[in-house]
Trainee: 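Okay, here's the structure, questions in a sec.
When a ligand or atom number is given, it counts from 1 through the structure's own listing order.
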Amino acid sequence: FNTERFGQHILKNPQTAQSIVDTANLRPTDKVLEVGPGTGNLTVRILEKAKHVTAVEMDPRMAAELTKRVQGKPEQRKLEIMIGDFVKADLPYFDVCISNTPYQISSPLVFRLLSHRPLFRVAILMFQREFATRLVATPGSALWSRLSANVQLYSKVDLIMHVSKNNFRPPPKVESSVVRIVPRDPPPPVEFAEFDGLGRIVFGRRNKTVHANFLAKGVMEMLESNWKTWVSVNNVMIEDGTDFKKKVEQVLEETGFAESRAAKMDINDLLKLLSAFHDVGIHFA
Ligand code: SAM
């Protein structure tokens, strides 16, 4: 195991570790999922407050250290360590997720958590600062992106604190920040692949118009092929001389988004546009 590859930067500052755990407002009945516990600096603090912790750790040596740390203590019964890659692990039920994982798995971590059912109550996650600020970015701000829209479609995200690299051993190259994610419950009735598919197009060049992004290479072909599939699956008659490109442009004009730019569109705008396309059988995934 290589420190860089597995992002093994241990959180050495006890106050920081404590405030991360305090931010979760744990209840004595809570089951907690921790990803990448390392030597357990967060884990032991979670165990003080929660009913049970499942910790997924990829490095068996780290898992062994954590096991030793709780051995013979009352907390031992409350801790289950799963050795393996979080991305592939079967996740148990959990109320709360707390994690300081390597930043390589930031995106898969967020989307795996948000697609897990039943929904969790809150997640407190440490990320590279740049990633964290993109998660909380608002429409019109410099970092508003497909990532921001996708995550905020399903949750409310807040920046909790900045954590400087000196809090870790060895110190990583980048600065870190902690965010709180609260899932929208019930989740909006939108298929993620569809919303994300539209996002791929309009955020392709976020400062260009939506219309221009739909004219980008390959986009019309992809949408037309999706549309033809939809047409045949639903036994819809295609009128003679249907011009697919005109059909798309008509939706853009009628919704009023043709000259908009994704950089300034909020989630409701994106949902309106998506639903107008769906109304005429145009799909993005
Ligand atoms: N949470 C501890 C802390 O705050 O001190 C350790 C943090 S360290 C940045 C990340 C930990 O995640 C390491 O112990 C590493 O072995 C583990 N890890 C790396 N990739 C993982 C993965 N895909 N699944 C589970 N654990 C992983």
Trainee: For ligand 1, which is the ligand I care about here, please tell me if Phe86 has any N or O atom under 3.5 Å from one of the ligand's N or O atoms.
Mentor: yes
Trainee: Could you tell me which atoms of ligand 1, counted from 1 in the order shown, lie closer than 4.0 angstrom to a heavy atom of Gly7?
Mentor: 8 (S), 9 (C), 10 (C)
Trainee: Should Val35 and Ile124 be regarded as members of a common hydrophobic cluster, given that ILVMFWY residues are connected when their side-chain heavy atoms come within less than 4.5 Å of each other, either directly or indirectly?
Mentor: no
Trainee: Just jot down the ligand 1 atoms closer than 4.0 angstrom to any heavy atom of Gly36, in number order.
Mentor: 1 (N), 2 (C), 6 (C), 7 (C), 11 (C), 12 (O), 17 (C), 26 (N)
Trainee: Using a strict cut-off of 4.0 Å, indicate which atoms of ligand 1 neighbour a heavy atom of Asp85.
Mentor: 22 (C), 23 (N), 24 (N)
Trainee: If the plane angle is over 60° it's perpendicular, under 30° parallel, otherwise tilted; pick one for His283 and His278.
Mentor: parallel
Trainee: Flag yes if Leu271 and Val157 sit in one hydrophobic cluster, no otherwise; membership is Ile, Leu, Val, Met, Phe, Trp, Tyr, and two members link when side-chain heavy atoms are under 4.5 Å apart.
Mentor: yes
Trainee: Looking only at N/O atoms, are Glu57 and ligand 1 under 3.5 Å apart anywhere?
Mentor: yes
Trainee: Hey, is Pro37 touching ligand 1 through its side chain, its backbone, both or neither, going by heavy atoms under 4.0 Å?
Mentor: backbone
Trainee: Report yes or no: does Val56 have a heavy atom closer than 4.0 Å to ligand 1?
Mentor: yes
Trainee: So, is Leu11 polar-close to ligand 1, with some N/O to N/O distance under 3.5 Å?
Mentor: yes
Trainee: Taking distance alone, with N or O pairs closer than 3.5 Å, would you say Asn100 contacts ligand 1?
Mentor: yes
Trainee: Are Phe277 and Met222 connected in the hydrophobic side-chain network, where two residues link if heavy atoms are under 4.5 Å apart?
Mentor: yes
Trainee: Got more than 12 heavy atoms from elsewhere within 6.0 Å of NZ, Lys165?
Mentor: yes
Trainee: Can you tell me if Gly84 contacts ligand 1 (heavy atom of the residue under 4.0 Å from the ligand)?
Mentor: yes
Trainee: Only heavy atoms of Asp59, strictly under 4.0 Å: list the atoms of ligand 1 that pass.
Mentor: 16 (O)
Trainee: Is any side-chain heavy atom of Leu113 closer than 4.5 Å to one of Leu33?
Mentor: yes
Trainee: Under 4.5 Å between side-chain heavy atoms, counting indirect links through other Ile/Leu/Val/Met/Phe/Trp/Tyr residues: same cluster for Phe203 and Leu143 or not?
Mentor: no
Trainee: Is any side-chain N of the basic residue among Asp30 and Arg121 closer than 4.0 Å to the acidic one's carboxylate O?
Mentor: yes
